[in-house]
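Only one structure is covered here, and it is reproduced in the block below.
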2 protein chains.
Amino acid sequence: MHQPTAPELEILKLLWLKQPLTARELHDELAPVLGWGYSSTRKTLERMGAKGFIACSIHCNKNTYTALLDKMPTLAAYVQDFANRVFEINGPLPVAMFANSKLVNASEIADLELLLQKLAQESAADPQAAASKDN
Amino acid sequence: MHQPTAPELEILKLLWLKQPLTARELHDELAPVLGWGYSSTRKTLERMGAKGFIACSIHCNKNTYTALLDKMPTLAAYVQDFANRVFEINGPLPVAMFANSKLVNASEIADLELLLQKLAQESAADPQAAASKDN
DNA sequence: TATTAGCTGCGACAATTGTCGCAAATTTTG
DNA sequence: CAAAATTTGCGACAATTGTCGCAGCTAATA
């Protein structure tokens with residue numbers, strides 16, 4: 001299973017802020033940024049559902065979406081992948097870089113640090129499996 | 001212009017180490033890592049040429065490839081994109097994270113810091129000019 | 001020089017992603 | 001309740017990427 005694509009990540013970020021949301025609500029937030037038509041938003045949601053990134057359920061007679069991916073593990077996977085793939089860093093990653101993020105607070109950064117240590121250990125212990133796990 | 005894809009970046013990294021290289025030389029390094037057939041390597045090179053990432057020229061009666069993208073600006077673009085897209089960081093980015101990289105040395109990290117400052121300034125001065133010019 | 005081994009250009013095919021459009025079902029409203 | 005506005009489920013199409021295969025050309029060699 002790969003990582004969410006860029007637009008998929010945007011949707012997840014909205015859901016991590018507030019859940020559940022309808023397609024229309026998500027679209028109204030996304031449209032200005034991505035310049036999408038409503039159909040594009042819905043199709044992306046459909047595909048995310050098929051991939052197990054989000055779940056669709058009925059609330060108040062409407063389809064609403066909730067994230068199935070947890071925020072920090074998902075972000076940690078991005079960081080790990082990026083550091084490995086682009087910079088070939090394999091040891092534990094410093095998290096100072098993320099202090100300025102609008103997306104995560106101090107406690108989440110602490111979580112991130114733990115998650116990254118775990119990921120680094122895994123890929124050190126078993127490089128092949130760790131590398132191909134998300135591929 | 002998009003960023004190089006993951007395999008394309010691997011090729012660029014090899015070229016940044018040593019240039020020029022033939023398709024065969026690149027392939028022999030990449031095959032174990034990517035599990036590619038020779039044709040896949042060559043097709044990827046062809047596409048990278050079409051995108052202007054690399055140039056193909058004749059040395060010793062053989063097609064050889066050289067990178068047209070510079071290493072540090074390319075890496076800086078990755079960092080900037082990643083920080084913005086995934087973590088919504090817009091201020092200047094700390095580069096401490098990259099100290100452990102096998103790919104860059106101290107002086108290159110210094111370059112990176114400058115490049116990132118520049119990118120951050122640009123995107124601060126001109127946030128999404130193309131998308132929303134009516135505000 | 002006739003083979004042969006490797007290189008080149010290109011075409012091809014499947015999977016993914018970006019991006020709709022449409023017709024049917026449902027909900028809202030006059 | 002009937003008409004209008006939304007919502008939904010799906011199908012579609014183009015561009016990109018991963019990944020070859022093939023037929024022809026070239027260079028090395030017996």
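Just so we're on the same page: letters track the sequence lines, and every chain starts at 1. Computed from a predicted structure; not experimentally measured.
Among B/Leu69, B/Leu75, B/Leu68, the one residue that satisfies the side chain to side chain contact (heavy atoms under 4.5 Å, CB included) test with B/Leu12 is B/Leu69. Each of B/Thr44, B/Leu15, B/Leu30 was evaluated against B/Glu10; a single residue qualifies, B/Leu30, per the side chain to side chain contact (heavy atoms under 4.5 Å, CB included) test.
At distances below 3.5 Å, at least one donor-acceptor pair connects side-chain atoms of A/Thr64 with backbone N or O atoms of A/Ser57.
At whole-Å resolution of the value, CD in A/Gln3 and C1' in D/dT17 are 17 Å apart. B/Tyr65 places its OH atom 8 Å from the C1' atom of C/dT8, with the value rounded to the nearest Å. The OH atom of A/Tyr38 sits 17 Å away from the P atom of C/dC22 (whole-angstrom rounding). Protein atom CD of B/Glu25 is 15 Å distant from nucleotide atom P of C/dG6, rounded to whole Å. When the P atom of C/dT8 is taken as reference, atom NE2 of B/His27 falls 13 Å away, rounded to whole Å. One interatomic measurement links the two molecules: CG of A/Leu9 to P of C/dG18, which rounds to 12 Å at whole-angstrom precision. Atom CZ of A/Arg24 and atom P of C/dT26 are 19 Å apart (whole Å). Rounded to a whole Å, the CE atom of A/Met48 is 16 Å from the P atom of C/dT16.
Of the candidate nucleotides D/dT19, D/dG18, D/dT8, D/dT8 has the atom lying nearest to any side-chain atom of A/Arg42. The listed nucleotides are C/dT19, C/dC10, C/dT17; the one nearest the side chain of B/Glu46 is C/dC10. When distances run from any side-chain atom of B/Trp36 to the nucleotides D/dG9, D/dT19, C/dC10, the shortest one goes to D/dT19. Comparing D/dC20, C/dC20, C/dT19 by their closest approach to the side chain of A/Arg47 singles out C/dT19.
At the phosphate of D/dC20, OP1 or OP2 sits under 4.0 Å from a side-chain N or O atom of B/Ser40. Not one side-chain nitrogen or oxygen of B/Lys51 sits closer than 4.0 Å to the OP1 or OP2 atom of D/dA15.
On a pure distance criterion of 3.5 Å, a polar donor-acceptor pair joins the side chain of A/Ser39 and the base of C/dG21. Between the base of C/dG9 and the side chain of B/Lys43 there is no donor-acceptor pair shorter than 3.5 Å.
The residue among B/Gly37 and A/Cys56 whose nearest nucleotide of DNA chain D lies closer to the 5′ end is A/Cys56. With DNA chain C read from its 5' end, the first of the two nearest nucleotides for A/Thr5 and B/Thr64 is the one closest to B/Thr64.
The aromatic rings of B/Phe98 and A/Phe82 stand perpendicular to each other, their planes meeting at an angle above 60°, with 30° marking the opposite boundary.
Comment: A/Glu88 engages B/Lys13 in a salt bridge, judged by a side-chain N to carboxylate O separation of less than 4.0 angstrom.
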